[in-house]
Trainee: 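After the structure tokens below, expect a handful of questions from me.
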Protein chains: 2
Amino acid sequence: MKRTEDAETALCHMIEAMAPGERLPSERSLCEDLKISRGTLRVFLERLEARKKVWRHVGRGTFAGSRPLETNPGLSVVADTTSPHELLEMRLIFEPKVAQLAALRASRQQISQMWYCAKKTGIVTDSKAYELWDATLHRTIAEAAHNKLLLDVFDAINDVRNNTDWGRLRDMVVSTPARQRQWWMQHEDLVDAIAARNESRAEEAMRKHIESVQLMIQGAARNQLSLMPE
Amino acid sequence: MKRTEDAETALCHMIEAMAPGERLPSERSLCEDLKISRGTLRVFLERLEARKKVWRHVGRGTFAGSRPLETNPGLSVVADTTSPHELLEMRLIFEPKVAQLAALRASRQQISQMWYCAKKTGIVTDSKAYELWDATLHRTIAEAAHNKLLLDVFDAINDVRNNTDWGRLRDMVVSTPARQRQWWMQHEDLVDAIAARNESRAEEAMRKHIESVQLMIQGAARNQLSLMPE
DNA sequence: TATTATACCAATTTATTAATGGTACATTTC
DNA sequence: GAAATGTACCATTAATAAATTGGTATAATA
């Protein structure tokens, strides 16, 4: 009885002397040092964990201090748990302002590339090709904002977009020639505003464009929902 | 002479028949199949790479089609290459809209937590504690937007913020009681707008707040620049 | 009842091995 | 002499194996 209590206080002192985040020896070596069995040691550690004195993780070890905020998982893993609605809301926050900055800072070469991409979105026939040129256009605009951090965030969001499998939904984006014509005209309008260095018009054009997509997707999702058995 | 040319055209046809992104056999097995040496094969591949017909990567292989956009490196690694200016521009794009959504969707509990954090930013004395409560306030607002993807993006941006070492710059944020009072009042105003469910006022308050920080940091950076030897 | 001893599991890290494209150089072939 | 070959080695990456860790169950022991 006495010996194990001594071991517990020794363990506590040991932990208090450690810097937060520092790693404890493994359970197997700790129980040797303290001359107690692994089972009893784990009882002590359980209490310490409840008191937020340590935190544990299988395969890694036991650490002093309280569990750190889980590190950013890279954004692409959230693809499974996010919805088209969330993604479009995000893009609606982000991209209009990006277009505004692009209107200020785009180089002539970038603008001509935008024209090229926009034209392509009007003439390609299959949905995969459309998506490619659409993505390239939007990314060119993000590049034209000339802010590296902003571009990285854009790519991170796009990663989510690419790693989802709302497959049937995506095909609907260019389901009809009329729709494709609508997106193409919006693209032309957007690039025209950027080329004219008209900040507010560029922002507005991008906002309108994404809102259109949002409306379309919402409608499609509703239809699809009513058709699906579960 | 003739045989190698045949091999080159055969290689071209092979690649054209492949789907973009598909992986070619390794150089060592390809040159066996085509009955040519690795050196000449590599000359062909070099030409194909220049024409964007293939792209190569050491340790991975050679792939058909044009090189895909480089994958998101995790956002936290860009911390070294980004600047306070870029970060604040990013936040200025992002957070006002987040505040607007928060005004729509914040729960009562979240609002009371905002009040608590805002009050703390007014009374704490050391700059580390200020940063803690400031960060908690801003993150609570992001949570209140109730969009998981948005929150992840917010955390990613914050990661950059934490992983930089513009140390002296950060201390200046609360360098004087007058400054701290300024930020505190802006925080109170912001939370008040959210609590009142006033979207446009919340957006405006957040914009004003970040613009103030932006101005301050710019001024501080200028001063520091003029003091630094290199 | 409390403690020990033992065995096994799933998650994770670390170490090892194998494979890839990149490069240099001597050799062969036409 | 120019073109092609054969060979050896490197740095990077992927694939695999081995070792370690916390988590859990069970029987034996004090």
Side-chain angles (χ1 to χ4, degrees), chain A residues 1-12 14-15 18 21-68 70-74 76-77, chain B residues 1-12 14-15 18 21-74 77:
Chain A
M1 293 282 188
K2 190 69 183 345
R3 215 186 70 247
T4 64
E5 285 177 12
D6 283 353
E8 183 166 19
T9 59
L11 181 60
C12 287
M14 175 184 181
I15 287 166
M18 290 175 70
E22 193 176 351
R23 190 184 140 177
L24 276 69
S26 73
E27 293 183 355
R28 285 166 178 82
S29 75
L30 253 185
C31 65
E32 271 191 25
D33 295 348
L34 299 173
K35 318 285 189 197
I36 57 177
S37 78
R38 211 180 139 213
T40 49
L41 170 65
R42 282 182 56 73
V43 174
F44 299 159
L45 287 176
E46 217 160 326
R47 285 204 276 262
L48 287 164
E49 186 178 27
R51 282 188 246 152
K52 310 277 184 182
K53 297 298 181 185
V54 301
W55 60 277
R56 305 187 276 181
H57 193 102
V58 283
R60 313 223 304 206
T62 306
F63 302 83
S66 54
R67 172 176 267 104
E70 56 187 35
T71 178
N72 166 29
S76 50
V77 297
Chain B
M1 293 280 189
K2 189 71 184 341
R3 214 187 70 245
T4 64
E5 284 179 12
D6 284 353
E8 181 165 21
T9 60
L11 181 60
C12 287
M14 174 184 181
I15 287 166
M18 291 175 69
E22 194 175 350
R23 189 182 141 177
L24 276 68
S26 73
E27 293 183 355
R28 285 167 178 82
S29 74
L30 253 185
C31 64
E32 272 191 25
D33 296 347
L34 298 174
K35 319 286 188 196
I36 56 177
S37 78
R38 212 181 138 211
T40 49
L41 171 65
R42 283 182 55 75
V43 174
F44 300 159
L45 287 176
E46 215 161 326
R47 283 204 278 259
L48 286 165
E49 186 178 27
R51 282 188 246 150
K52 311 277 184 181
K53 297 298 181 186
V54 301
W55 62 277
R56 307 186 273 181
H57 193 103
V58 282
R60 312 222 298 198
T62 306
F63 302 83
S66 55
R67 170 177 267 105
L69 307 167
E70 57 186 34
T71 179
N72 162 32
V77 297

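Residue numbers start from 1 in every chain, and the chains themselves are labelled A, B, ... in the order their sequence lines are given, proteins ahead of strands.
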Trainee: Salt bridge or not between B/Arg56 and B/Glu27? Use side-chain N to carboxylate O under 4.0 Å.
Mentor: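 B/Glu27 and B/Arg56: salt-bridged.
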Trainee: Does a side-chain N or O of B/His57 approach OP1 or OP2 of D/dT13 to a distance below 4.0 Å, or not?
Mentor: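 Checking D/dT13 against B/His57, a side-chain N or O does come within under 4.0 Å of OP1 or OP2.
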Trainee: Any side-chain N or O of A/Ser26 under 4.0 Å from OP1/OP2 of D/dT20?
Mentor: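 For D/dT20, neither OP1 nor OP2 has a side-chain N or O of A/Ser26 closer than 4.0 Å.
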Trainee: Rounded to the Å, how far apart are B/Glu27 CD and D/dT5 C1'?
Mentor: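 Checked: the CD to C1' distance equals 15 Å.
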Trainee: Between B/Leu11 and B/Leu30, is a side-chain contact (heavy atoms from CB on, under 4.5 Å) present by the stated rule, with each step listed?
Mentor: CA-CA 9 Å; B/Leu11 181 60; B/Leu30 253 185; 4.2 Å; yes
Trainee: How long is the line joining CH2 of A/Trp55 and C1' of C/dA11, in whole Å?
Mentor: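 Those two atoms, CH2 and C1', are 14 Å apart.
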Trainee: Looking only at heavy atoms, which two atoms of A/Leu24 and A/Ala64 are closest? And how far apart?
Mentor: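 Closest approach of A/Leu24 to A/Ala64, heavy atoms only: CD1-N, 3.7 Å.
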Trainee: Does B/Arg60 put a side-chain nitrogen or oxygen below 4.0 Å from OP1 or OP2 of D/dA14?
Mentor: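 So the side chain of B/Arg60 is within the cut-off, an N or O lying under 4.0 Å from OP1 or OP2 of D/dA14.
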Trainee: Let's see if you can work this out: which of C/dG21, D/dA4, D/dG22 has an atom nearest to the side-chain heavy atoms of B/Ser37?
Mentor: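 Closest nucleotide to the B/Ser37 side chain: D/dA4.
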Trainee: Go nucleotide by nucleotide along DNA chain C from the 5' end; which of A/Arg28 and A/Ile36 gets its closest nucleotide reached first?
Mentor: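 The residue mapped nearer the 5' terminus is A/Ile36.
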Trainee: Are OP1 or OP2 of D/dA4 and a side-chain N or O of B/Arg38 less than 4.0 angstrom apart?
Mentor: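 Checking B/Arg38 against D/dA4: no side-chain N or O falls below 4.0 Å of OP1 or OP2.
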Trainee: Counting only side-chain N and O atoms of A/Thr62, is one of them less than 4.0 Å from OP1 or OP2 of D/dT21?
Mentor: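 Checking D/dT21 against A/Thr62, no side-chain N or O comes under 4.0 Å of OP1 or OP2.
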Trainee: Measure the distance from CG on B/Leu24 to P on C/dG21 and round it to the nearest whole Å.
Mentor: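 The answer, rounded to whole Å, is 9 Å.
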Trainee: Report the distance from atom NZ of B/Lys35 to atom C1' of D/dA4, rounded to the nearest whole Å.
Mentor: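 For the pair B/Lys35 NZ and D/dA4 C1', the rounded distance is 17 Å.
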Trainee: Specify the separation, in whole Å, of atom CD of A/Glu32 and atom P of D/dT20.
Mentor: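 Atom-to-atom, A/Glu32 to D/dT20, this comes out as 13 Å.
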Trainee: CD/B/Glu49 to OG1/B/Thr62 distance, rounded to the nearest 0.5 angstrom?
Mentor: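 Atom-to-atom, B/Glu49:CD and B/Thr62:OG1 are 8.0 Å apart.
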Trainee: Reckon A/Arg56 has a side-chain N or O less than 4.0 Å from the OP1 or OP2 of D/dT21?
Mentor: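 So the side-chain polar atoms of A/Arg56 never come under 4.0 Å of the phosphate oxygens OP1 or OP2 of D/dT21.
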Trainee: With distance as the sole criterion, do the side chain of A/Arg42 and the base of D/dG22 form a donor-acceptor contact below 3.5 Å?
Mentor: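 Side chain to base: no pair below 3.5 Å.
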